[in-house]
Amino acid sequence: MNYSSDEDDKPLVFRRTLKPDKAKCSSQPPKPSPKPSNDSDSEDDKPLSSKFSTVSKGNTNHAKNGAHVSVSTAPKPQVKDEDSDDEKPFSSKFISKPKMGSANKVHQNRSASRDNQSRNIGVNKRPLDEERSLGQSSVKKSKLSDSSIPVNRKPVNLKAETNSDDDDDDLPISERIKNQASSSSKPSSIKQKVIKKKSSSLNQTNKKSKKVVKNSKYSKPSKVPPGSGEGQKWSSLAHNGVIFPPAYKPHGVKMLHKGKPVDLTPEQEEVATMFAVMLDTDYMTKPKFKENLWGDWRNILGKNHPIQNLDDCDFKPIYEWHQSEKEKKKQMSTEEKKALKEEKMKLEEKYMWAVVDGVKEKVGNFRVEPPGLFRGRGEHPKMGKLKKRIHPSDITINIGKDATIPECPIPGESWKEVRHDNTVTWLAYWNDPINIKEFKYVFLAASSSLKGQSDKEKYEKARMLKGYIQGIRNAYTKDFGNKDVTKRQVAVATYLIDKLALRAGNEKDDDETDTVGCCTLKVENVEPSPPNILKFDFLGKDSIRYQNEVEVELPVFKAIQQFQTGKKGGDDLFDKLDTSKLNAHLKELMPGLTAKVFRTYNASITLDDMLSRETKGRDVVENVVVYQHANKEVAIICNHQRSVSKSHSAQMTRLDEKIGELKDVIKELETDLARAKKGKPPLKNSDGKLKRNLNPEASEKKIAQTKVKIEKMERDKETKEDLKTVALGTSKINYLDPRITVAWCKRHEVHIEKIFNKSLLAKFAWSMDVDPSFRF
DNA sequence: AAGAGGACTTAGGACGCACGAT
DNA sequence: ATCGTGCGTCCTAAGTCCTCTT
């Protein structure tokens with residue numbers, strides 16, 4: 001299976017830079033050449049960066065340095081499955097203490113030049129204001145009731161297809177494409193590989209359930225491959241259920257109604273308090289929030305309650321009480337805090353762990369969500385609604401047949417249901433009180449081997465795409481002009497997903513924030529600007545704004561224009577398409593392929609490519625900067641943003657001031673130096689005393705030092721400005737194959753802890769023993 | 001084919017703490 | 001010793017995509 005290195009797989013993503021004004025990125029369209037892809041090494045699958053972009057010129061950095069130590073190929077814990085490098089949750093002992101300290105930053109120069117076939121111009125961040133587009137086109141019906149049906153769904157087991165290379169028997173995808181695509185097709189020669197689904201045959205084994213170990217002594221890993229059997233995720237599962245938030249403790253602080261204190265029952269007071277503590281948030285400026293809150297609160301107040309209007313209420317007394325409580329907490333001595341923390345730990349300890357197939361694993365979210373007011377993102381229609389308290393009778397527990405059923409932690413109450421479904425990985429769930437048709441699940445933590453396994457499968461699938469990408473690009477390029485509108489839309493949508501790393505874009509209900517992805521783009525979200533520029537502007541996941549201008553090849557441009565003709569701004573751009581059709585189509589091109597795989601692929605291939613460029617001869621600090629630069633590129637591609645911190649501008653100002661001061665110092669030193677050279681006496685200080693005259697050498701040295709300091713500060717400043725809206729973490733956690741990073745660290749003798757923090761090390765334990773020559 | 005139901009991944013913000021600068 | 005920052009962790013919302021039902 002070697003995907004080994006083709007040096008050239010480029011993602012065709014159009015990069016975006018974050019400075020609207022300066023950014024000029026471009027990338028090249030896929031080569032229209034219908035030439036069959038045989039495989040990965042053709043030009044088309046390289047990271048954009050290598051192909052199209054000039055990378056920034058000077059990277060500078062000032063990271064702290066650390067020892068150059070190569071990654072330890074730690075004694076790897078027990079292997080969990082046949083295919084190699086998975087391992088047991090690793091114990092911390094294998095890891096040297098991550099030293100997280102200051103961040104090393106990248107100084108980059110914006111506006112990298114790119115080839116000019118396409119270019120991106122501008123990108124902006126998070127103007128949440130943005131007006132929403134018209135109503136959603138389709139509304140879903142409400143779903144019916146609940147979960148009564150236990151068990152039995154058999155998830156398909158995708159897991160196997162990890163190997164890439166060898167699968168050769170194929171579906172003539174290319175062929176298919178050809179045939180179907182009416183358009184000009186030339187005999188394909190795309191030799192598409194097909195992965196045989198080996199799934200079923202393998203892993204049928206049923207692990208006999210091993211005795212469940214109670215959670216105190218765990219025998220170390222018995223190596224049972226997780227996910228064996230048809231859809232089976234585990235053989236034995238033991239855990240202690242979930243922990244509930246404490247019951248509400250009334251504080252008795254009276255809020256005012258028409259200026260006078262009102263008595264509230266504890267239940268009424270609880271909601272009032274939820275609202276009061278949000279007085280200083282900007283939810284207060286949203287009528288919808290108040291309206292929803294009021295709707296739920298008045299139900300609790302009852303019809304005849306004196307409070308008949310939210311505007312008559314003054315919650316300040318409660319707000320202030322809350323502030324003072326917060327303050328008190330802050331004032332506690334560190335010992336007190338520590339004691340409190342320990343107490344909490346003691347209480348929670350038993351819930352933190354599960355034993356899966358004999359292995360003790362961390363549970364991700366064992367705390368039941370406390371009641372509160374719903375805080376949706378963006379313009380959520382349900383913001384402010386009361387999220388009611390969850391009781392044991394709301395909760396379904398999933399646990400091994402042989403395991404002891406967790407005792408309900410609230411005396412006198414009991415679980416809604418207990419299941420023993422080993423085809424799923426959740427330990428418990430309850431219905432989301434805000435959207436009763438939906439569920440909140442309790443899963444294992446990211447460090448668990450169940451999660452690790454599926455993470456690895458995700459990256460293997462993305463790597464598999466590498467072998468198909470050329471053919472896929474050729475195919476959709478050919479279909480830009482297909483007479484069949486649906487096919488044309490599929491082609492263009494796939495292109496956007498590939499090039500711009502857009503999300504698939506499922507339909508949304510009316511009672512959700514109106515955001516879009518590729519398939520749900522509205523006409524008004526894409527503005528064609530002749531001859532061939534497309535201006536994108538829409539709110540995506542989490543209401544993060546996506547703004548980008550891209551030069552595309554003419555057929556795409558024309559197709560978009562044509563999709564728009566005769567439609568209104570709020571109409572669907574891709575009216576013949578939805579995610580299930582799109583994914584169904586993608587599956588014909590590669591087994592298991594879905595839209596999201598392109599994001600993973602483009603992110604990882606970009607990292608792999610950027611890291612593989614000349615980085616020899618750099619020191620660790622420089623290498624880390626290179627890494628961060630690559631990380632940033634990926635974050636931009638994926639549109640991972642963060643909001644600018646409140647103190648950002650103040651911080652910038654302060655840096656400016658400091659730089660100014662240092663410049664003054666230099667001036668003074670230069671003056672002194674000049675005088676000294678001429679044999680003149682030193683000037684006087686502000687207090688009138690004569691300054692000590694430095695000898696010229698000392699002055700010069702000091703000047704030089706100060707200049708270095710200024711340069712460093714200026715780089716810091718630039719980096720800070722540069723990254724103020726870029727979130728690097730998301731891609732690191734979810735999109736970048738950790739094996740790329742680990743292998744690169746090994747090759748460059750960079751301590752892995754310089755790149756992965758403790759959580760990431762635990763999450764990526766499965767990737768730690770990758771061969772240094774690994775390439776995505 | 002569409003919709004409902006279900007399970008799982010991906011996401012940004014809040015918060016608190018440790019650490020480096022002063 | 002104090003202060004401000006940057007980072008990690010927690011929290012839970014918001015996506016994706018699958019399968020089953022109609």
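A quick note: this is a predicted structure, and the numbers were derived from the prediction, not measured.
Side-chain contact, A/Gln453 with A/Glu457: a donor N or O sits under 3.5 Å from an acceptor N or O. Side-chain N/O atoms of A/Arg599 and A/Tyr735 include a donor and acceptor closer than 3.5 Å. Between the side chains of A/Asp498 and A/Asn602, at least one donor-acceptor pair of N or O atoms lies under 3.5 Å.
Contact check, A/Lys440 against C/dA13: a side-chain N or O comes under 4.0 Å of OP1 or OP2. Close to B/dG13, at under 4.0 Å from its OP1 or OP2, lies a side-chain N or O of A/Ser643. Within the 4.0 Å cut-off from OP1 or OP2 of C/dA14, at least one side-chain nitrogen or oxygen of A/His380 is found. Taking side-chain N and O atoms only, A/Thr425 has no distance below 4.0 Å to OP1 or OP2 of B/dA7. Close to B/dA1, at under 4.0 Å from its OP1 or OP2, lies no side-chain N or O of A/Lys581.
With C/dC11, B/dG12, C/dT9 as the candidates, the nucleotide lying closest to the side chain of A/Ala727 is B/dG12. For A/Asn365, taking side-chain heavy atoms from C-beta onward, the closest of the listed nucleotides C/dC10, C/dT12, C/dT9 is C/dT12. Picking from B/dT10, C/dT12, B/dC8 the nucleotide with the shortest atom distance to the side chain of A/Tyr735 gives B/dT10. Considering only side-chain atoms of A/Gln651, the nucleotide from C/dT9, C/dT12, C/dT5 that sits closest is C/dT5. Looking at the side chain of A/His640, the nearest of the listed nucleotides B/dA7, C/dT12, B/dA11 is B/dA11.
In terms of position along DNA chain C, the nucleotide closest to A/Arg654 lies nearer the 5' end than the nucleotide closest to the other residue of the pair A/Gly364 and A/Arg654. Place A/Lys458 and A/Arg375 on DNA chain B by their nearest nucleotides, and A/Lys458 ends up nearer the 5' end. Comparing A/Ser647 and A/Val368 by the nucleotide of DNA chain C whose heavy atom lies nearest to each, the residue mapping closer to the 5' end is A/Ser647. Residue whose closest nucleotide on DNA chain B sits further toward the 5' end, between A/Lys658 and A/Lys646: A/Lys646.
Checked against the 6.0 Å centroid threshold, A/Phe366 and A/His239 do not count as a close aromatic pair.
Contacts of A/Lys387 with the nucleic acid, taken as non-hydrogen atoms under 4.0 Å apart, involve only primed sugar atoms and P, OP1 or OP2. Within the nucleic acid shown, A/Ser454 comes within 4.0 Å of sugar-phosphate atoms alone, with no base atom in reach, counting heavy atoms only.
Note on ring orientation: taking the six-membered ring where Trp is involved, the planes of A/Tyr429 and A/Phe439 are perpendicular (angle over 60°, cut-offs 30° and 60°). Using the six-membered ring where Trp is involved, A/Tyr441 and A/Phe443 have ring planes that are parallel, under 30° apart on the 30 and 60° scheme.
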List, with names and distances, any nitrogen or oxygen atoms from the protein found under 3.5 Å away from nitrogen or oxygen atoms belonging to nucleotides 15-17 of chain C.
| from | atom 1 | to | atom 2 | distance (Å) |
| --- | --- | --- | --- | --- |
| C/dG15 | OP1 | A/Thr515 | OG1 | 2.8 |
| C/dG15 | OP1 | A/Asp542 | N | 3.1 |
| C/dG15 | OP2 | A/Lys508 | NZ | 2.4 |
| C/dT16 | OP1 | A/Ala504 | N | 3.2 |
| C/dT16 | OP1 | A/Gly505 | N | 2.7 |
| C/dT16 | OP2 | A/Asn506 | N | 2.9 |
| C/dT16 | OP2 | A/Asn506 | ND2 | 2.9 |
| C/dC17 | OP1 | A/Thr594 | OG1 | 2.7 |
| C/dC17 | OP1 | A/Ala595 | N | 3.2 |
| C/dC17 | OP1 | A/Lys596 | N | 2.7 |
| C/dC17 | OP2 | A/Asn583 | ND2 | 3.1 |

Below 3.5 Å, can you tabulate the donor-acceptor pairs from side chains in residues 336-343 of chain A to any protein atom, sequence neighbours excluded?
| from | atom 1 | to | atom 2 | distance (Å) |
| --- | --- | --- | --- | --- |
| A/Glu336 | OE1 | A/Ser333 | N | 2.8 |
| A/Glu336 | OE1 | A/Ser333 | OG | 3.3 |

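Whole-Å rounding puts the A/Phe366 CZ to C/dC11 P distance at 7 Å. The interatomic distance linking A/Lys763 (NZ) with B/dC8 (C1') rounds to 12 Å, in whole Å. We find that CG of A/Leu655 is positioned 12 Å from C1' of B/dA21, with the value rounded to whole Å. At whole-Å resolution of the value, CE in A/Met383 and C1' in C/dT12 are 16 Å apart. Taking atom CG of residue A/Asp432 and atom C1' of nucleotide B/dA7, one finds them 14 Å apart after rounding to whole Å. Summarising the geometry, the separation between CG on A/Asn639 and P on B/dT10 is reported as 16 Å, rounded to the nearest angstrom. The CD atom of A/Gln641 sits 16 Å away from the C1' atom of C/dA14 (whole-angstrom rounding). Taking atom NZ of residue A/Lys712 and atom P of nucleotide B/dG20, one finds them 13 Å apart after rounding to whole Å.
At a threshold of 4.5 Å between non-hydrogen side-chain atoms, the residues A/Ile395 and A/Lys416 do not count as touching.
A ring-ring contact (aromatic ring centres under 6.0 Å, His included) with A/Tyr283 is found for one member of A/Phe374, A/Phe275, A/Phe289 and no other, namely A/Phe289.
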